[in-house]
Amino acid sequence: QVQLVESGGGLVQAGGSLRLSCATSRRTFNTNGMGWFRQAPGKERSFVAAINWSGGNTYYADSVKGRFTISRDNAKNTVYLQMNSLKPEDTAVYYCAAGPRAGSLVEYNYWGQGTQVTVSS
């Protein structure tokens, strides 16, 4: 089985930055695609960003494009989400996900437990 553990969340002021990390147990077919999702209180979980195995294909929600950057270090089995110019509306629990494909609407088979990101105004 694939295990994913997120870290790096916290409380920051608007305009600040955070880098989230997602450590995976190992590479499998189901970690070819890695994604980040978020869920704010009272809202549905939404797509944030995704990346394929090589890192050559990345995907971003319009709301974060230009501010967030997804990357991965396969030697460390780790995926990152660099978040800059944070806004209060970015406040949410951020989840790491893994699956056979990378994209915004593809199936992700494994999920982490989430890390809280709070952006104050």
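Counting from 1, the numbers follow the sequence of the chain as shown. These numbers were taken from a predicted model, which means no experiment stands behind them.
Atom CD of Gln39 is surrounded by more than 12 heavy atoms from other residues, nucleotides or ligands within 6.0 Å. Atom CD of Glu89 sits in a crowded spot, with more than 12 heavy atoms from other residues, nucleotides or ligands closer than 6.0 Å. Applying the 6.0 Å contact sphere to CZ of Arg101 captures no more than 12 heavy atoms from other residues, nucleotides or ligands.
Here Tyr60 and Phe47 keep their ring centres 6.0 angstrom or further from each other.
The minimum heavy-atom distance between Ala40 and Ala92, with the atom names listed, is N-CB, 3.8 Å. Between Gly8 and Thr115 the shortest heavy-atom distance is N-OG1, 4.3 Å. Looking at every heavy atom in both residues, Asn109 comes nearest to Pro100 through ND2-CD, 3.2 Å.
The hydrophobic clustering, which links ILVMFWY residues whose side-chain heavy atoms are closer than 4.5 Å, places Val48 and Val93 apart. Residues Leu81 and Tyr108 do not share a hydrophobic cluster, defined by chaining ILVMFWY side chains whose heavy atoms lie under 4.5 Å apart.
By the 4.5 Å heavy-atom criterion applied to side chains, Trp53 and Met34 are not counted as neighbours. At a threshold of 4.5 Å between non-hydrogen side-chain atoms, the residues Leu20 and Tyr80 do not count as touching. At least one side-chain heavy atom of Trp36 sits less than 4.5 Å from a side-chain heavy atom of Cys22. In this structure the side chain of Val117 reaches within 4.5 angstrom of the side chain of Met83, judged on heavy atoms. A 4.5 Å side-chain heavy-atom check between Leu11 and Gln116 finds every atom pair outside the cut-off. Residues Leu86 and Leu18 are in side-chain contact: their nearest non-hydrogen atoms beyond the backbone lie under 4.5 Å apart.
Here the straight-line distance linking atom CZ of Arg72 with atom OG of Ser21 works out to 13.5 Å at 0.5 Å rounding. Taking OH of Tyr59 as the reference point, atom CD1 of Ile70 lies at 11.0 Å (rounded to 0.5 Å). Separating the CG atom in Leu4 from the OG atom in Ser25 is a distance of 7.0 Å, to the nearest 0.5 Å. Atoms OG and OH, on Ser7 and Tyr94 in that order, are 15.0 Å from each other to the nearest 0.5 Å. For the atom pair NZ of Lys87 and OG of Ser63, the computed distance is 8.5 Å after rounding to the nearest 0.5 Å. With rounding to the nearest 0.5 Å, the separation of NZ in Lys76 from OG1 in Thr24 is 12.5 Å.
Judged by a 6.0 Å distance limit and a 45° cone about the ring axis, Arg38 is not positioned over the six-membered ring of Tyr95.
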Using side chain to side chain contact (heavy atoms under 4.5 Å, CB included), reason through Gln3 and Tyr110 one step at a time and then give a plain yes or no. CA-CA 7 Å; Gln3 293 181 305; Tyr110 299 93; over 6 Å; no
Dump the intermediate steps for side chain to side chain contact (heavy atoms under 4.5 Å, CB included) on Ile51 and Asn57, then the final yes or no. CA-CA 6 Å; Ile51 188 169; Asn57 294 324; over 6 Å; no
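No donor-acceptor contact under 3.5 angstrom links the side chains of Glu44 and Ser46, judged on distance only. Under the 3.5 Å distance criterion, with hydrogens and angles disregarded, a donor-acceptor pair is assigned to the side chains of Asn84 and Ser17.
Side-chain atoms of Thr78 do not come within 3.5 Å of backbone N or O of Ala23 as any donor-acceptor pair. Here the side chain of Glu6 pairs a donor or acceptor atom with the backbone of Gln113 at under 3.5 angstrom. A distance-only check finds a donor-acceptor pair linking the side chain of Arg67 to the backbone of Ser85 [under 3.5 Å]. Between the Asp73 side chain and the Asn77 main chain, no donor and acceptor come within less than 3.5 Å of each other.
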